[in-house]
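Below is one structure, written out as structure tokens, with a few remarks after it.
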Amino acid sequence: MPEGIEVEYYRRAAEAVVGRVIENLWVVDDAYVRASTARGLAEVVRGGAVAAVRRRGKLLVLDVVCSGPGQDCGSVSVGFRFGMTGRLVVDGSAPIDRLLYSAANDQPAHRRVEVSFVEGGSMEVLDPRRLGAVELEPDEGALGPDAYSLSGPELSAALGRGSGPLKSRLLDQARVAGIGNLICDEVLFRAGVSPVRPAGELEPNEVIDLAAVVRDTFADLDARGGAHTGDLQAERQRGGVCPLDGGVLMRASVGGRTTYWCPVHQR
DNA sequence: CCGGATGTTCACCT
DNA sequence: GAGGTGAACATCCG
């Protein structure tokens, strides 16, 4: 997916539909709907107004209010998860044209969700690999605090005391929400901390510093244009070298994800 | 042809 | 229970 930063771009673009009334919500098939309730998604939200668009980690949430006669939904939320290749298109234009696959590969066949509005316009999800999903009333409580504003105490609680590798904890959305594989490596590179360091081993001052690096890195890469714009990313390939000290980058699978780091300055 | 890819979930081990 | 690994999902790309 898009990582937290890309979903934040989606959120900003989706603000354009706040106040509009949903005419219909189309989903490619039932497999793309993550079932958390038995209620039919389209039936529930049809005729409802978008009251707000929010983001928590990599989850985009639409708050929908149905106040008309004969409508029973009251207020519901609709969650959008984008998997690795999901992109949001609002009123025909995409907030980002580059993801794992380029916009040149956009095909009608990749359209998985379309929300159309009475006032006109639409919100579409294009997702070739269809690892994303739509969900009625997603469990936002299952997500940790958002990475953009992660505080030292929040990170301290997220890391816990176990001996699991630091990177695994940072990628765990229940602990911290929004960190993806690319930005995780970038954060650890900037902080000078090894991804395989036992999470519970960090000193309190290291945790405070790391939380600041997380916030700064999100702000920086947000301004640059995405999770793929990090300093380490350019060298994130076999044989790449550290942009800081020229050390040959390590490559290994950590937490199930391909991980690059510099053995010289990341300890 | 093969391996890997910005994510999540589940089965199966230790 | 905690934590790890690998597979699965479906498609594209080098």
Side-chain angles (χ1 to χ4, degrees), chain A residues 1-10 28-36 55-60 79-88 94-112 125-135 138-140 142-144 147 158-189 195-201 217-218 221-222 224-230 232-234 236-240 251-260:
Chain A
M1 150 169 6
E3 304 194 19
I5 289 175
E6 284 73 23
V7 179
E8 172 60 16
Y9 296 159
Y10 297 168
V28 59
D29 56 41
D30 287 346
Y32 205 78
V33 180
R34 184 159 148 172
S36 57
R55 179 191 62 81
R56 178 148 177 181
K58 305 170 188 173
L59 177 71
L60 182 71
F80 293 78
R81 302 175 193 276
F82 297 93
M84 291 177 98
T85 59
R87 294 193 302 119
L88 191 72
I96 62 178
D97 56 9
R98 181 196 182 291
L99 203 56
L100 205 53
Y101 307 137
S102 72
N105 295 320
D106 278 355
Q107 294 174 38
H110 296 158
R111 194 173 48 137
R112 309 304 181 193
V125 175
L126 305 179
D127 181 8
R129 288 179 63 181
R130 43 182 306 161
L131 296 176
V134 204
E135 183 178 10
D139 181 9
E140 298 175 55
L143 296 171
L159 294 184
R161 298 176 177 282
S163 60
L166 178 57
K167 180 167 178 176
S168 298
R169 301 288 169 91
L170 293 174
L171 286 176
D172 184 346
Q173 302 299 299
R175 296 173 181 271
V176 180
I179 296 180
N181 196 38
L182 297 183
I183 203 167
C184 191
D185 280 5
E186 179 72 11
V187 164
L188 295 172
F189 165 79
V196 297
R197 184 105 169 263
E201 191 184 87
T217 303
F218 268 75
L221 300 197
D222 182 301
R224 288 191 195 181
H228 63 284
T229 61
L232 181 65
Q233 175 64 19
R236 212 168 171 287
Q237 58 191 13
R238 189 185 302 274
R251 178 189 195 271
S253 178
V254 181
R257 310 299 299 279
T258 301
T259 302
Y260 290 85

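When each of B/dT8, C/dG3, B/dT6 is scored by its nearest atom to the side-chain atoms of A/Arg34, the top-ranked nucleotide is B/dT8. Closest to the side chain of A/Arg251, from the set B/dG4, C/dC9, B/dT6, is B/dG4. Among the nucleotides B/dT6, B/dG7, B/dT8, the one closest to any side-chain atom of A/His228 is B/dT6. When each of C/dA10, B/dT6, B/dG4 is scored by its nearest atom to the side-chain atoms of A/Arg130, the top-ranked nucleotide is C/dA10.
A/Arg81 places its CZ atom 11 Å from the C1' atom of B/dG7, with the value rounded to the nearest Å. Atom pair A/Tyr9:OH and B/dT6:P shows a separation of 18 Å (rounding to whole Å applied). Rounded to a whole Å, the CD1 atom of A/Ile5 is 12 Å from the P atom of B/dG7. Across the protein-nucleic acid pair, A/Arg111 atom CZ and C/dT11 atom P stand 16 Å apart, rounded to whole Å. B/dT9 atom C1' lies 12 Å from atom CG of A/Asp172, rounded to whole Å. Distance CZ (A/Arg175) to P (C/dG3): 6 Å, rounded to an integer number of Å. Put simply, CG on A/Leu131 is 13 Å from P on C/dC12, counting in whole angstrom units. Rounded to an integer number of Å, the gap from A/Asn181 CG to B/dT8 C1' is 13 Å.
Note on A/Arg257: a side-chain N or O is less than 4.0 Å away from OP1 or OP2 of B/dG7. Under 4.0 angstrom from either OP1 or OP2 of B/dT6 there lies no side-chain N or O belonging to A/Thr85. In this structure, A/His110 reaches the C/dC12 phosphate: one of its side-chain N or O atoms is under 4.0 Å from OP1 or OP2. Residue A/Arg129 places none of its side-chain N or O atoms closer than 4.0 Å to OP1 or OP2 of B/dT6. Residue A/Lys58 places none of its side-chain N or O atoms closer than 4.0 Å to OP1 or OP2 of B/dT6.
When the C1' atom is used for both B/dT6 and C/dG3, the distance is 25 Å, rounded to whole Å. Of the P atoms belonging to B/dT8 and C/dG1, the separation is 24 Å, rounded to the nearest Å.
A donor-acceptor contact shorter than 3.5 Å links the side chain of A/Asp127 to the backbone of A/Leu131.
Results of the salt bridge (Lys or Arg N to Asp or Glu O under 4.0 Å) test with A/Asp29 over A/Arg112, A/Arg111, A/Arg130 single out A/Arg130 as the only residue that passes.
Here the CG atom belonging to A/Leu182 is positioned 5.0 Å from the CD atom belonging to A/Glu3, to the nearest 0.5 angstrom. Atom CZ of residue A/Arg169 and atom CG of residue A/Leu166 lie 9.0 Å apart, to the nearest 0.5 angstrom.
When all heavy atoms of A/Arg34 and A/Ala133 are compared, the pair lying nearest together is CB-CB, 4.1 Å.
Using a 4.0 Å heavy-atom criterion, one finds that A/Arg169 contacts the sugar-phosphate atoms exclusively. Residue contacts for A/Ser253: at a heavy-atom cut-off of 4.0 Å it reaches no nucleic acid atom on any strand shown. Here A/Pro165 lies in heavy-atom contact (under 4.0 Å) with sugar-phosphate atoms only.
Shown here, B/dT6 forms no base pair; nothing in the strands shown gives a Watson-Crick or G-U wobble contact with both key distances under 3.5 Å. With a cut-off of 3.5 Å on both pairing distances, C/dA10 has no Watson-Crick or G-U wobble partner at all.
Counting non-hydrogen atoms of other residues, nucleotides and ligands closer than 6.0 Å to CG of A/Asp30 gives a total of 12 or fewer.
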